[in-house]
Amino acid sequence: MNEADLLFETRDGIGWITFNRPSSRNALTFDMYDRLEAICASLEAGGPVRCLVLTGAGDKAFAAGTDMSEFRAFARDEDALAYEAQMDRVMGAVEACSVPTIAAIAGACTGGGAAIAAACDMRLANADLRFGFPIARTLGNCLSIANLSRLVALIGAGRTKELIFTARLAGAEEARAIGLVSEILPDHSSLMARARDLAETIAGHAPLTLASTKEALRRLRLKGVGAEDRDLIVSAYMSADFREGMEAFLAKRKPQWTGR
């Protein structure tokens with residue numbers, strides 16, 4: 001792939017992924033999806049990256065879905081099934097990433113871009129946000145059950161149906177009202193500044209607490225309240241970080257987290 005299409009850099013413990021095709025509204029190629037999956041799978045709690053911010057180049061779009069030219073070669077059932085399997089792997093990797101993820105969304109966030117944002121832990125947007133899956137009036141394809149499940153977990157089945165059936169895009173105020181995004185910033189520069197500040201705050205917290213919470217919520221969505229959590233409880237309570245947190249609290253000092 002052209003690695004310039006998806007940029008990844010680390011600054012002061014914060015990882016930054018940028019979808020970098022502004023002339024195409026940051027539409028994603030299949031190779032970009034694969035690189036996103038690989039980056040998310042490579043990060044671990046307590047590693048050099050403590051929080052990951054995903055964003056799009058420029059101020060017009062987070063990501064306008066999959067580059068439609070990628071679909072021209074589709075001719076067999078296997079093509080469609082392989083594509084949706086890839087989407088499930090990619091969004092699953094974003095959701096299961098061991099470090100907290102923040103989507104910093106400016107402008108259009110549609111199709112595959114919206115699915116990526118929905119798989120992130122937190123979403124910030126600027127006032128120009130347009131979020132949705134307009135496939136009923138564009139491509140005529142569908143979302144996998146896994147992607148629908150993440151969206152339903154965020155905004156409910158009724159709103160999910162309404163957005164897809166009408167093929168409309170939700171604006172910033174509606175997105176905040178329904179809990180899709182947590183904050184709206186007035187412009188692109190303030191959005192990126194807030195994403196950095198939030199990432200720095202999260203990066204300063206106990207990595208194992210964050211990782212355990214993320215994984216527990218993922219299992220809860222998939223398997224309900226009967227999901228297994230013994231391994232998460234043991235890994236947190238038996239960690240050096242738990243001992244460090246306790247001793248630091250008693251000594252009235254700031255804990256030094258290591259993720260171990």
Side-chain angles (χ1 to χ4, degrees), residues 1-8 17-42 54-58 60-97 101 103 105-120 123 129-155 157 159-170 180 218 221-222:
M1 67 168 288
N2 182 357
E3 292 194 359
D5 287 347
L6 189 153
L7 306 177
F8 177 57
I17 288 177
T18 303
F19 307 124
N20 189 38
R21 300 182 72 213
S23 62
S24 301
R25 297 172 70 83
N26 300 321
L28 288 108
T29 64
F30 293 169
D31 285 341
M32 290 170 68
Y33 282 123
D34 285 342
R35 181 159 161 73
L36 173 61
E37 177 187 1
I39 292 169
C40 289
S42 71
L54 290 77
T55 194
K60 302 301 182 184
F62 175 78
T66 302
D67 188 322
M68 289 191 186
S69 66
E70 297 277 27
F71 296 124
R72 284 178 170 161
F74 278 30
R76 304 169 302 154
D77 295 357
E78 289 76 9
D79 295 327
L81 294 171
Y83 169 70
E84 285 300 335
Q86 180 190 30
M87 294 302 98
D88 286 346
R89 289 194 309 271
V90 173
M91 308 314 162
V94 174
E95 181 182 27
C97 183
T101 52
I105 309 167
C109 182
T110 57
I116 291 170
C120 288
R123 284 154 298 280
L129 172 69
R130 294 293 181 269
F131 180 97
F133 299 84
I135 52 178
R137 63 174 169 79
T138 56
L139 287 179
N141 61 333
C142 66
L143 301 184
S144 70
I145 287 177
N147 279 320
L148 285 170
S149 175
R150 292 186 191 94
L151 197 59
V152 167
L154 284 174
I155 63 174
R159 286 195 177 98
T160 297
K161 289 179 182 178
E162 193 269 338
L163 275 180
I164 295 175
F165 288 5
T166 63
R168 70 180 184 83
L169 302 181
L180 181 62
R218 187 186 73 86
R221 181 181 66 81
L222 293 173

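Small disclaimer: the values here were computed from a predicted structure and weren't measured.
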Across all chains, not counting sequence neighbours, the side-chain hydrogen bond (donor to acceptor under 3.5 Å, both in side chains) partners of Thr55 are none
If you take all heavy atoms of Ala114 and Gly132, which pair is closest and at what distance? CB-O, 3.8 Å
Euclidean distance, Arg168 CZ relative to Glu162 CD, rounded to 0.5 Å: 4.0 Å
Going through the distances and angles, do Val94 and Leu36 end up as a side chain to side chain contact (heavy atoms under 4.5 Å, CB included)? CA-CA 8 Å; Val94 174; Leu36 173 61; 4.0 Å; yes
Testing the basics here: between Met91 and Ala119, what is the closest heavy-atom pair and its distance to 0.1 Å? O-CB, 3.7 Å
Okay, side chain of Arg25, backbone of Pro22: is any donor-acceptor separation there less than 3.5 Å? no
Distance (rounded to the nearest 0.5 Å) between Lys161 NZ and Leu151 CG: 13.0 Å
One should read off an interatomic distance between Tyr83 OH and Ser144 OG, to the nearest 0.5 angstrom, of 9.5 Å
Can you tell me how far the CG atom of Asn141 sits from the CD atom of Glu84, to the nearest 0.5 Å? 7.0 Å
Kindly say whether Ala4 contributes a backbone atom to a donor-acceptor pair with the side chain of Asn20 at under 3.5 angstrom? yes
Is there side-chain contact between Leu6 and Ile17, with at least one heavy-atom pair below 4.5 Å? yes
For Ser149, all residues meeting side-chain hydrogen bond (donor to acceptor under 3.5 Å, both in side chains), sequence neighbours excluded: Arg221
Using ring centroids (six-membered ring only for Trp), state whether Phe62 and Phe131 fall under 6.0 Å. no
Heavy atoms only: give me the nearest Asp79-Ala73 pair and the separation to one decimal. OD2-O, 3.7 Å
Parallel, tilted or perpendicular: which describes the rings of Phe30 and Tyr33, with under 30° parallel and over 60° perpendicular? tilted
Give me the atom names and distance for the closest heavy-atom approach of Ala118 to Arg123. O-NH1, 3.7 Å
Side chains of Thr29 and Asp31: any donor to acceptor distance under 3.5 Å? no
All salt bridge (charged side-chain N to carboxylate O under 4.0 Å, His left out) counterparts of Asp34, not counting sequence neighbours: none
Salt bridge Arg35-Asp5, side-chain N to carboxylate O under 4.0 Å: no
Atom pair CE/CD of Met32 and Glu37 - distance to nearest 0.5 Å: 14.5 Å
Supply the atom-to-atom distance Ile145 CD1 to Arg150 CZ, rounded to the nearest 0.5 angstrom. 12.0 Å
Indicate the atoms forming the closest heavy-atom contact of Ala27 with Thr66, along with that distance. CB-C, 4.3 Å
Here the pair of heavy atoms bringing Ala103 nearest to Cys120 is CB-SG, 4.0 Å
Test log, rule side chain to side chain contact (heavy atoms under 4.5 Å, CB included), inputs Thr160 and Ile155: CA-CA 7 Å; Thr160 297; Ile155 63 174; 3.6 Å; yes
My understanding is that only one of Thr110, Leu163, Leu143, Thr138 makes a side-chain contact (heavy atoms from CB on, under 4.5 Å) with Phe133; could you say which? Leu143
Any heavy-atom pair between the side chains of Thr18 and Leu54 that's under 4.5 Å? no
Hey, does the side chain of Asn26 reach the backbone of Arg21 with a donor-acceptor pair shorter than 3.5 angstrom? yes
Check whether Glu95 reaches the backbone of Arg218 with its side chain - one donor and one acceptor, N or O, closer than 3.5 Å. no
